[in-house]
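Here's the structure, in structure tokens; my notes come after.
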Amino acid sequence: QVQLVESGGGLVQAGGSLRLSCAASGRSFWSFAMGWFRQAPGKEREFVAAITRSGSSTDYANSVKGRFTISRDEARNAVYLQMNSLKPEDTAVYYCAAGIRISKSPADFGSWGQGTQVTVSS
């Protein structure tokens, strides 16, 4: 297993930016595909972005494509989510997750962080 801790959430106005970080510890970080998911009140957890073990390939939800960027830093055992042009509908708790392969399904990710709140005001 790998332990994950998110940070960087907060309150921002629409059109603003935030950068979420996820620090990993435990088993080899390089062996995991990493993903970001989010969950708004009363809604199911949904896929946001994912990156392969090597970092050579990424995938995004259509709702964030062109606005969000996922990246990873092997030296720091970290994964990041740069969020630009934020909208009120991006408001949610954002979760970092580690899995065996890049995927849009939460079921393919076995380790999860505790989440960080992102609130976008209009």
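In this text the structure is predicted, and so the values were computed from the model without any measurement. What's counted below: heavy atoms across the whole structure, side chains too, no hydrogens, waters or symmetry copies.
A distance of 10.0 Å separates CZ in R53 from CZ in R101, rounded to the nearest 0.5 Å. Distance CG/N77 to OG/S28: 8.5 Å, rounded to 0.5 Å. How far CD of Q82 is from OG of S17: 6.0 Å, rounded to the nearest 0.5 Å. Distance check, rounded to the nearest 0.5 Å: CZ of R19 to OG of S7 gives 9.5 Å. To the nearest 0.5 Å, atom CD of residue E6 and atom SG of residue C96 are 5.5 Å apart.
Counting heavy atoms from C-beta outward, L18 and V118 have side chains that approach closer than 4.5 Å. The shortest side-chain heavy-atom distance between L86 and F68 falls under the 4.5 Å cut-off. You'll find the side chain of K87 reaches within 4.5 Å of the side chain of R67, heavy atoms only. Residues T69 and L81 form no side-chain contact, since every pair of their non-hydrogen atoms from C-beta on lies 4.5 Å or further apart. Using a 4.5 Å heavy-atom threshold, the side chains of P106 and F47 count as separate.
Residue G9 comes nearest to T116 through the heavy atom pair N-OG1, 3.2 Å, listed as atom of the first residue, atom of the second, then distance. I70 and W36 make their closest contact through CD1-CD1, 3.6 Å (heavy atoms, listed as atom of the first residue, atom of the second, distance). Of all heavy-atom pairs spanning S85 and D90, the tightest one is O-OD2, 4.5 Å.
A donor-acceptor pair under 3.5 Å is absent between the side-chain atoms of Q13 and the main chain of S121, judged by distance alone. Side-chain N or O atoms of T52 include one that pairs as donor or acceptor with a backbone N or O of S57 at under 3.5 Å. In terms of modelled atom types and a separation under 3.5 Å, the side chain of T91 and the main chain of V120 share a donor-acceptor contact.
W30 does not carry R72 over the face of its six-membered ring by the limits of under 6.0 Å from the centre and within 45° of the normal.
A continuous path of Ile, Leu, Val, Met, Phe, Trp and Tyr side chains, each step under 4.5 Å between heavy atoms, connects M83 with Y60, placing both in one hydrophobic cluster. Follow the hydrophobic side-chain contacts under 4.5 Å out from Y80 and you never reach V48; the two are in separate clusters.
Contacts of V2 classified as side-chain contact (heavy atoms from CB on, under 4.5 Å), with partners at least two apart in sequence or in another chain: L4, A24, F32, A98, S111.
Each of W112, Y95, Y94 was evaluated against F37; a single residue qualifies, W112, per the ring-ring contact (aromatic ring centres under 6.0 Å, His included) test.
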